[in-house]
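Quick caveat: nothing in here was measured; it's all calculated off a predicted structure.
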Amino acid sequence: MAYHHLCSSPSSLLRDRHSLSVSPKPKSLRTNPPTSPNLVSLSKTSIKASSSHVSLEDLLSQETQIPRKLTNSQYSDGKTASKSYVWVNPRSPRASRLRQLTYDSRYSSLLKVAESLDSCNPNEKDVLAVLRSLGDDVSEQDAVVVLNNMSNPNTALLVLDHFRKILPKTSREVILYNVTLKVFRKSKDLDGAEKLFDEMLQRGVKPDNVTFSTLISCSRVCGLPSKAVEWFEKMPAYECDPDDVTYSAMIDAYGRAGNVDMAFTLYDRARTENWRIDPVTFSTLIKIYGVSGNYDGCLNVYEEMKALGVKPNVVIYNTLLDAMGRAKRPWQAKSIYKEMLSNGFSPNWATYAALLRAYGRARYGEDALNVYKEMKDKGLELTVVLYNTLLAMCADVGFADEAAEIFEDMKNSGACKPDSWTFSSLITIYSCSGKVSEAEGILNMMLEAGFEPNIFVLTSLIQCYGKAQRTDGVVRMFNRVYELGITPDDRFCGCLLNVMTHTPREELGKVMDCIEKAKPELGRVVKLLIGEQNGEGNFKNEASELFNHISSDVKKPYCNCLIDLCVNLDLLERACDLLELGLSLEIYAGIQSRSPTQWSLNLKSLSLGAALTALHVWINDLTKVQESGEELPPLLGINTGHGKHKYSEKGLATVIESHLKELDAPFHEASDKAGWFLTTKVAAESWLESRRSPNLVVA
């Protein structure tokens, strides 16, 4: 058996189970016996005596017993009186002399020796000079106290070697090595600790549980979870059985080392056997679930932690916030942050960074800007990544002025330099607004900083010139793509297609030439659409072939743009053909819906041209229903959504409302349902009956 270490008070020797948390702290005593043979329970005044324990009572009786002065009345027939102690005035000189004989005084002197050894030169001469102050009568307990309170591993090795030479060899020699290993743990020197372990084996000293728990915890504080796993898996070879504290710590180690299955296996066992799990381990479990995409698992672990009475700390909250950011659940991030504040925790840099990422990814513009302002008010610096997160969010929600302010702050911070992502976000913002001069200015700054524009930047610039109807600029940027050796992708070609919807009719050929060069199959569809190629019957086939060979994420944008182009060119039949093709290929879904009480037209996911086309098709369908004698439902509605385009003052609702007025349709905006236009069966039938002009009905 081995006692483990002496705590800061000489008369209070508490059991140290060598907690394996990143910041080891003494644990409270348990009433039940320890599960490991190496875990011994120490009383407040002594280490329990046994054949393998140093007894503090014995030490005190041998070295610090207070001399007694016996009176004549205490002797009777050669027998001593029952009293064994006499009172001494604590203010008397005698009390001072007696106090020097107690182990408290000895302990204080040992602490001073440990402090001197930490600061002396790491050579044998200087170390021995300090150790001479201990005198000739040095006990094993003295050696443990000195080594346990040291923090310099270089001098600790010399001290260990000295004590091994002067102390009699016993089976408890492992104790001296264990407390020396703790010195290496304090200094985060795993290499030195491993060399000391090898020395132990060479000298025939058998490691115990404390040896391995110290090496495991040293690996953890060094940020080497794989090493912790390696030491843990060596324990059976030396007949050492891990206790529940070690097992709990290994949940964290296995998780950080990437062995997620083993971490979860140990966690399931921990819940069954009621192991004590520290907050660091819970934080790792939350992180594991977050990285694997199981965000509900993150919240479940958090609730289990609270149910076990483990109080969350700032690290736990920050890990949860980061997970909710990955999940794009900003509302849950808000809730967790409020709970954190209500529990008295102050947000730190990591907290704000997690909130910025959570709000930025979810496009919670106002919330993200509030976090940014709070960070600036507290003097917290942002990294390039956080600045870019903010700027990307501004690009997504159309915060042009705010982006300009953030960019200026970034340049003036002195700590961050804009990178290619910074410039890319800014160019996107100005391009979507059609601000050519501002976009060109950022491009020049990008080039001066040594960054070449990539496909994303050039796509944004083409969009910018297209919005401004500067077709020559579009062609110039298109040629720049090939000059830089970049291969146009589907998104780039989609941008060119979108530019055609803004291009004057007389300049369509310039953009069409670019499309034909970048994507010939798209070029053929566009030529058939605008009538530059004969083949009326081939249009649908060519369009269908195109949609079957492009990535799914660009199918709807392509179809929207082609329909918009048809509407701009008054090619309503072609627009209807494309809408029908989109429905048959499931590019569009749920545009029309019917229930016994209401028929609805859902336009939220459509472009303006596609929405107008879908509206005319729906009106045509209603006309056919009426002509067939089928009954209309009590209510008819059109859902446009209540938002507007982030870079436009006009929303879909505004355009549709204006068009309904042109048609004199009896649809009116619902007061209790934003983005909905409703009418009754009676009003709809009357209006449909009055429509006789074939120009208003799309066949």
Side-chain angles (χ1 to χ4, degrees), residues 19-27 185-186 188 216-226 228 245-258 260 263-264 266-267 270-271 275-327 329-330 332-359 361 371 374-375 378 380-383 385-386 389:
S19 170
L20 300 179
S21 65
V22 173
S23 300
K25 295 181 180 178
K27 302 297 180 183
R185 183 178 66 186
K186 292 176 187 176
K188 299 183 179 181
I216 290 170
S217 60
C218 184
S219 301
R220 292 182 69 199
V221 298
C222 291
L224 298 170
S226 297
V245 176
T246 306
Y247 274 126
S248 298
M250 292 312 299
I251 298 173
D252 170 68
Y254 276 112
R256 291 175 184 268
V260 175
F264 286 150
L266 287 176
Y267 180 55
R271 289 185 290 186
W275 295 346
R276 186 174 64 231
I277 304 178
D278 61 16
V280 174
T281 301
F282 277 115
S283 176
T284 299
L285 285 166
I286 293 170
K287 189 175 295 184
I288 291 172
Y289 276 118
V291 171
S292 66
N294 186 350
Y295 303 112
D296 291 330
C298 298
L299 297 174
N300 290 338
V301 170
Y302 177 58
E303 293 302 324
E304 288 174 4
M305 181 191 75
K306 292 193 291 185
L308 291 171
V310 180
K311 294 183 178 179
N313 55 25
V314 174
V315 175
I316 294 287
Y317 283 120
N318 290 347
T319 306
L320 272 173
L321 290 172
D322 184 70
M324 293 304 102
R326 292 173 182 269
R329 298 181 183 178
Q332 286 183 322
K334 271 188 175 184
S335 176
I336 292 166
Y337 182 58
K338 288 179 181 177
E339 181 183 325
M340 175 183 175
L341 297 179
S342 65
N343 286 336
F345 291 100
S346 297
N348 57 20
W349 186 92
T351 311
Y352 288 122
L355 285 171
L356 271 183
R357 288 191 292 267
Y359 294 150
R361 288 169 179 167
V371 173
E374 192 170 339
M375 289 185 75
K378 291 186 176 182
L380 298 175
E381 292 185 352
L382 278 73
T383 63
V385 173
L386 291 181
T389 299

Which heavy-atom pair separates [X] from [Y] by the least distance, and what is that distance?
X: Thr389; Y: Arg357; answer: CG2-CA, 4.2 Å
X: Leu355; Y: Ala333; answer: CD2-O, 4.4 Å
X: Met305; Y: Pro312; answer: CE-CB, 3.4 Å
X: Leu321; Y: Tyr337; answer: CD2-N, 4.1 Å
X: Ala323; Y: Cys298; answer: CB-SG, 3.8 Å
X: Pro347; Y: Lys378; answer: CG-NZ, 4.0 Å

Check whether any side-chain heavy atom of [X] sits under 4.5 Å from a side-chain heavy atom of [Y], and report yes or no.
X: Trp349; Y: Leu386; answer: yes
X: Arg276; Y: Val310; answer: no
X: Leu299; Y: Leu320; answer: yes
X: Met324; Y: Lys334; answer: no

Have [X] and [Y] got a donor and an acceptor in their side chains that come within less than 3.5 Å?
X: Asn348; Y: Asn318; answer: yes
X: Asp278; Y: Thr281; answer: yes
X: Tyr317; Y: Asn343; answer: yes

Step-by-step side-chain contact (heavy atoms from CB on, under 4.5 Å) determination, Ile251 to Leu285
CA-CA 8 Å; Ile251 298 173; Leu285 285 166; 3.7 Å; yes

Given ring-ring contact (aromatic ring centres under 6.0 Å, His included), test Phe264 with Tyr289 step by step and report yes or no.
CA-CA 10 Å; Phe264 286 150; Tyr289 276 118; 4.7 Å; yes

Taking atom NZ of Lys186 as the centre, report whether more than 12 heavy atoms of other residues, nucleotides or ligands fall under 6.0 Å from it.
yes

Neighbour count above 12 (heavy atom, 6.0 Å) for Glu374 CD
yes

side-chain contact (heavy atoms from CB on, under 4.5 Å), that's the test. Do Ile286 and Ile316 meet it? Break it down for me.
CA-CA 8 Å; Ile286 293 170; Ile316 294 287; 4.1 Å; yes

Please assess Leu356 against Leu382 for the test side-chain contact (heavy atoms from CB on, under 4.5 Å), listing each intermediate value before the final yes or no.
CA-CA 10 Å; Leu356 271 183; Leu382 278 73; 4.1 Å; yes

Donor-acceptor pair, distance only, cut-off 3.5 Å: does the side chain of Ser283 make one with the backbone of Pro279?
no

Side-chain donor/acceptor of Ser342 to backbone N/O of Glu339, under 3.5 Å
yes

To the nearest 0.5 Å, atom OG of Ser219 lies from atom NZ of Lys188 at 13.0 Å

Output for pair (Phe282 CZ, Asp252 CG), nearest 0.5 Å, gives 12.0 Å

Would you say the ring centers of Tyr359 and Tyr352 fall short of 6.0 Å from each other?
no

Does any pair with a residue in residues 284-302 pass salt bridge (Lys or Arg N to Asp or Glu O under 4.0 Å), and if so which ones, sequence neighbours excluded?
Asp296-Arg329

